[in-house]
Amino acid sequence: MTKKICVLPGDGIGPEITAEAVRVLAALGLGFEMETALLGGAAVDATGNPFPEATQKLASEADAVLLGAVGGPKWDMLPREQRPEKGLLGIRKHLNLFANLRPALLYPELADASTLKPEVVSGLDILIVRELTGDIYFGQPRGIETRNGERFGFNTMHYTESEIRRIGRVAFAAAQGRGKKLCSVDKMNVLETTQLWRDVMEELAPEYPEVTLSHMLVDNAAMQLVRAPRQFDVLVTGNMFGDILSDEAAMLTGSIGMLPSASLDENGKGLYEPSHGSAPDIAGQGVANPLATILSAAMLLRHTFHEEEAARRVEMAVKKALAEGLRTADIHAPGTTKVGTKEMGEAVLRGL
Ligand code: NAD
Ligand code: IPM
Ligand code: MN
């Protein structure tokens with residue numbers, strides 16, 4: 001059986017951080033076949049299309065996709081269809097990657113890196129399950145038009161009950177395998193779409209009698225995440241709320257450079273990428289934190305290839321690098337050693 005991974009470095013820090021994750025995957029000696037293709041701004045520059053056909057083909061044929069990040073100011077003025085982000089949304093939709101898992105886990109070594117007090121975040125281990133192919137991100141109609149003599153911007157939030165049910169099942173199953181608590185986040189006091197979200201979550205609950213389901217309005221959830229984040233086990237929410245809450249949760253782990261993610265379809269195929277973006281402000285300097293991408297590679301091992309032991313080896317190697325006192329700039333604190341992207345990657349390789 002061939003094990004094919006499509007590697008999409010993308011833009012900004014993307015190539016720097018994926019290079020380290022690729023080295024880690026190669027070092028495991030599991031016989032992965034890795035092939036690189038273009039996505040995002042890099043693809044726009046080369047072909048005019050942020051998700052070119054060659055990339056569609058390679059990504060469809062591969063068992064898994066490893067992605068850096070896309071986007072940057074260079075492409076922000078292009079028509080929307082040609083922007084890097086369109087390529088990312090395109091590949092998610094094309095591969096039907098509706099389930100985005102974003103685990104926020106605090107490594108004890110990084111308790112001081114968080115902007116929150118150590119006693120608030122220590123022992124943190126939560127999972128955000130974000131719906132990824134629906135919601136206002138994909139809803140039609142959308143646009144900017146002139147109406148009654150002025151510009152009018154509009155987007156459409158919608159979910160079908162089957163879309164809600166399938167992400168709900170992923171979240172309930174995840175909770176069943178962890179702390180057995182699921183908090184569904186919505187805005188049912190204002191938005192009908194999310195009233196349906198809450199209703200469907202309630203309908204699913206009897207199928208998972210071991211899991212305790214609760215509900216929280218998104219504004220309160222944003223507050224509770226920084227007030228008392230350990231009250232949560234698994235959170236499930238829609239595409240837009242999940243985008244925002246997962247960046248917030250990232251800061252609980254010390255840095256957005258620590259938060260991996262897996263975007264999965266119904267058959268175990270997945271796209272694995274850090275939750276952060278292309279960080280144009282530090283791109284090309286060799287200082288970006290590669291750990292979120294390396295930890296995404298661990299998720300790739302676990303979810304697509306069922307290589308649990310290898311996944312744990314990678315996670316342990318990350319832990320070792322942190323225990324050695326090595327820190328990239330984003331997680332650096334007095335008394336630790338500041339290193340660059342490559343050195344951090346090398347420390348993880350040593351740890352393997
Ligand atoms: P960002 O996540 O790229 O950066 C936010 C801040 O976090 C910056 O200060 C950056 O330097 C820092 N940061 C991010 N990743 C880091 C890492 N690994 N190590 C150290 N510091 C890190 O968000 P942004 O600035 O809002 O967006 C920049 C571009 O990235 C935009 O074009 C946006 O559309 C795109 N983006 C892409 C993805 C993706 O490809 N999945 C995700 C988010 C944003
Ligand atoms: C993310 C990013 C993307 C999103 C953007 C770049 C389209 O912020 O993966 O979190 O909003 O989903
Ligand atoms: Mn985001």
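For ligands, and for the atoms within them, numbers begin at 1 and follow the listed sequence. Remember, it's a predicted structure, so these values are computed and weren't measured experimentally.
Of the polar atoms of R92, none of the N or O atoms is found under 3.5 Å from an N or O of ligand 1, judged by distance alone. By the 3.5 Å distance cut-off applied to N or O atoms, A279 is counted among the residues near ligand 1. Below 3.5 Å of separation, one finds no N or O of S255 facing any N or O of ligand 1. For L88, no nitrogen or oxygen atom sits less than 3.5 Å from a nitrogen or oxygen atom of ligand 1, counting backbone and side chain alike. Not a single N or O atom of I17, backbone or side chain, sits closer than 3.5 Å to an N or O atom of ligand 1. Taking any N or O of E273, backbone or side chain, at least one lies under 3.5 Å from an N or O belonging to ligand 1. Among the atoms of P274, none of the N or O lies under 3.5 angstrom from an N or O of ligand 1.
At a distance under 4.0 Å, a protein heavy atom can be found next to atom 19 (N) of ligand 1.
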Show me the donor-acceptor pairs, under 3.5 Å and distance only, between side chains in residues 22-39 and residues at least two apart or in other chains.
unit_1	atom_1	unit_2	atom_2	d
R23	NE	E20	OE1	3.2
R23	NH2	E20	OE1	2.7
R23	NH2	E346	OE2	3.4

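D330 and T328 are linked by a side-chain donor-acceptor pair at a separation below 3.5 angstrom, with hydrogens and angles left out of the test. If you check the side chains of H158 and E163, you find no donor sitting under 3.5 Å from an acceptor. Side-chain contact, R102 with S246: a donor N or O sits under 3.5 Å from an acceptor N or O.
Of all the heavy atoms of D330, the ones lying under 4.0 Å from any atom of ligand 1 belong exclusively to the side chain. Residue contacts with ligand 1, taken as heavy atom pairs separated by less than 4.0 Å, involve P280 solely via side-chain atoms from C-beta onward. Looking at V70 against ligand 1, both its backbone and its side chain come within 4.0 Å, counting heavy atoms.
Under 2.8 Å from the Mn ion (ligand 3), one finds the following protein N/O/S atoms: D243 OD1.
Across the listed options L39, V287, D281, D281 owns the non-hydrogen atom lying nearest to atom 11 (O) of ligand 1.
Using cut-offs of 30° and 60° for the angle between ring planes, the F51 and H94 rings count as perpendicular.
Close approach to E85 involves these atoms of ligand 1, each under 4.0 Å from a residue heavy atom: 31 (C), 32 (O), 33 (C), 34 (O).
By the side-chain hydrogen bond (donor to acceptor under 3.5 Å, both in side chains) test, Q285 is found to be paired with no residue, residues two or more places apart in sequence or in another chain being considered.
No donor-acceptor distance shorter than 3.5 angstrom exists from the side chain of D233 to the backbone of L182, with no hydrogens or angles considered.
Among protein residues, E85, L88, R92, R102, R130, Y137, D243, S275 come within 4.0 Å of ligand 2, judged on heavy atoms.
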